[in-house]
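Here is the structure we will look at.
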Amino acid sequence: MTARTRTDALEQLSEITGGHARAAQDADWIDSVDGMPVRWVASPSDTMQTSAVLRFASQEGITVVPRGTGSKLRWGARPERCDLVLDTTRLDGLVEHAAGDLVVVAGAGRRIADLQVDLAAAGQWLAVDPPRAGTLGGLVATASTGPTRFLHGAVRDLLIGSTMVRADGVVAKSGGKVVKNVAGYDIGKVLTGSFGTLGVITQVAFRLHPRPVARSWVTVPVGSPQEVNDLLQRVVHSHLVPSGVELDQPATSEAHLAVLLEGFGPGVAARTEAAMSLLGPRTVVTAEPPQWWGAEPGGNWADPPEDAALFKVTHEIACVGTVLEAVAAAASAGATRVHVRGSVGLGSLYVAVEGGTTGIPELVGSLRGRARSFGGAVVVLEAAAKVKDQVDVWGPVEGLTLMRSLKQQFDPGRLLSPGRFVGGI
């Protein structure tokens with residue numbers, strides 16, 4: 001675009017959003033290391049403004065990356081292009097809280113933390129605790145749930161309705177405000193985990209849960225991968241009904257397995273006693289979570305050094321010992337320090353690479369070479385831009401043909417976050 005055309009586009013975006021469009025700044029770049037220049041940032045206030053922005057972008061061939069707080073904006077592959085960042089944070093209204101029906105409807109730009117405060121007055125909560133704070137739209141787009149998914153289910157299980165805008169500006173709605181819905185093609189489920197490549201979410205409806213009256217964390221130190229596997233199998237095959245089962249295995253200190261129990265006071269107390277008996281004499285019981293609970297390993301990922309990275313490694317629950325051995329073997333081979341943490345009871349771990357002699361691409365290749373042994377996959381969430389340019393962030397996936405077909409139907413011009421998702425979608 002010429003300078004004159006860029007000025008005209010900004011004026012048009014500003015008119016559409018009621019003055020809430022501006023030229024992009026360095027902080028708006030998709031990657032702060034090898035920055036991807038962004039031309040504009042537009043902040044619509046409702047679905048109709050979002051539709052108008054995307055319709056204009058489609059007509060002009062402008063690529064768009066949706067962004068909430070930006071807490072997970074660097075997850076996945078780097079977009080091939082980004083002309084416009086569509087900031088959803090003005091889509092932050094609490095539309096309806098039907099406490100009697102355990103349902104809430106809110107704008108996709110509402111912060112998760114703010115919604116939880118809204119719901120707390122009624123003794124309810126949205127049963128998600130992702131490791132990074134963000135917006136409801138970002139929660140759906142990245143399908144990031146947290147430890148309590150073990151009992152309450154994943155984001156796609158809690159989402160009962162959504163409003164989205166396609167790349168061409170067409171508005172589509174899915175589901176509704178009731179927990180039980182008729183069968184059919186659910187766009188909300190398709191959008192979950194799509195990383196902003198299929199549409200812009202503007203409103204969501206979730207089913208809620210009562211806040212637990214009592215909570216108890218039972219934590220035990222663990223040694224070998226086999227011990228982790230044995231204790232995990234005891235827990236998942238017991239009658240404890242835990243809300244979460246998490247592992248923390250630092251590179252240079254003792255590992256711990258923690259079990260969260262929730263409910264009414266007497267019931268939690270009885271299950272806590274049962275958990276202590278099940279896990280052995282070294283257990284510690286607390287009313288507050290361990291300091292590491294629900295957080296990603298590796299600290300601040302705002303600007304990772306080139307020898308650091310964060311992987312998500314999935315595995316079959318019965319193969320937790322195998323995946324821990326595979327991570328240890330890959331790290332040892334490259335004299336690399338790794339910190340493992342995550343939901344072993346769900347088959348989902350974060351692995352933070354904290355430096356070493358082996359390059360990140362080699363470590364990823366080593367783990368993926370062992371992936372069949374633990375029945376999972378390895379995805380690179382965080383890494384320096386130069387590292388991501390050397391490795392397939394997503395790795396091999398099943399159903400890629402179907403995913404590409406969906407992309408073609410929803411966004412044939414590849415204007416929404418092009419290249420960010422699997423297979424360059």
Side-chain angles (χ1 to χ4, degrees), residues 27-33 65-79 85 87-89 91-92 106-117 119 125-150 152-156 158-159 191-197 201 204 206 244 246-248 258 260 289-305 308-314 339-343 346 348-354 379-385 388 393-394 417 420-421:
D28 297 308
W29 290 5
I30 299 303
D31 195 298
S32 60
V33 180
V65 172
R67 181 190 71 191
T69 62
S71 62
K72 304 178 188 72
L73 190 61
R74 297 177 70 252
W75 281 16
R78 294 201 301 162
V85 167
D87 180 358
T88 65
T89 54
L91 304 166
D92 63 348
R110 192 164 192 82
R111 292 175 181 262
I112 301 169
D114 292 341
L115 180 70
Q116 301 291 26
V117 172
L119 303 175
W125 76 305
L126 175 60
V128 296
D129 43 7
R132 299 188 193 183
T135 62
L136 298 175
L139 178 75
V140 174
T142 59
S144 179
T145 310
T148 54
R149 174 185 169 187
F150 189 90
H152 299 301
V155 171
R156 71 186 312 274
L158 302 174
L159 183 70
L191 292 174
T192 303
S194 64
F195 280 73
T197 58
I201 304 165
V204 286
F206 289 105
E246 297 284 300
L247 173 71
D248 180 48
L260 169 61
Q291 181 272 331
W292 52 266
W293 177 270
E296 295 161 355
N300 182 14
W301 291 100
D303 191 5
L310 181 68
F311 307 157
K312 183 176 182 180
V313 180
T314 57
H339 187 162
V340 180
R341 181 184 291 164
S343 303
L346 293 169
S348 178
L349 291 170
Y350 292 109
V351 177
V353 179
E354 299 177 339
V379 174
V380 181
L381 294 180
E382 293 279 12
K388 285 195 173 184
V393 168
W394 295 99
S417 305
R420 189 181 181 193
F421 202 33

What I want to find out is whether E382 reaches R74 closely enough, with some N-O distance under 4.0 Å, to be called a salt bridge. yes

Does the [X] side chain pair with the main chain of [Y], one donor and one acceptor, at a distance under 3.5 Å?
{"X": "S343", "Y": "S348", "result": "no"}
{"X": "T145", "Y": "A154", "result": "no"}
{"X": "R149", "Y": "G244", "result": "no"}
{"X": "R341", "Y": "A295", "result": "yes"}
{"X": "W292", "Y": "L247", "result": "no"}

Report the C-alpha distance between T148 and W125 in whole Å, list the side-chain angles of each, state the deciding distance to 0.1 Å, and finish with yes or no for side chain to side chain contact (heavy atoms under 4.5 Å, CB included). CA-CA 12 Å; T148 54; W125 76 305; 3.8 Å; yes

Show the nearest heavy-atom pair for residues S144 and Y350, with the distance to one decimal.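 It is OG-OH, 4.5 Å.
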
Ignoring hydrogens, what is the shortest heavy-atom contact between P66 and S417? Give both atom names and the distance. CD-OG, 3.5 Å

Going from CG on L260 to CG on D129, what distance comes out if it is rounded to the nearest 0.5 angstrom? 8.5 Å

To the closest 0.5 Å, what do you measure between OG1 (T135) and CZ (R110)? 12.0 Å

Tell me, do [X] and [Y] make a side-chain contact under 4.5 Å, heavy atoms counted?
{"X": "F150", "Y": "E246", "result": "no"}
{"X": "L381", "Y": "F311", "result": "no"}
{"X": "L139", "Y": "L126", "result": "yes"}

According to salt bridge (Lys or Arg N to Asp or Glu O under 4.0 Å), does anything in residues 289-298 pair up with another residue at least two apart or in another chain? List the pairs.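 Salt bridge (Lys or Arg N to Asp or Glu O under 4.0 Å) check on residues 289-298 returns R132-E296.
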
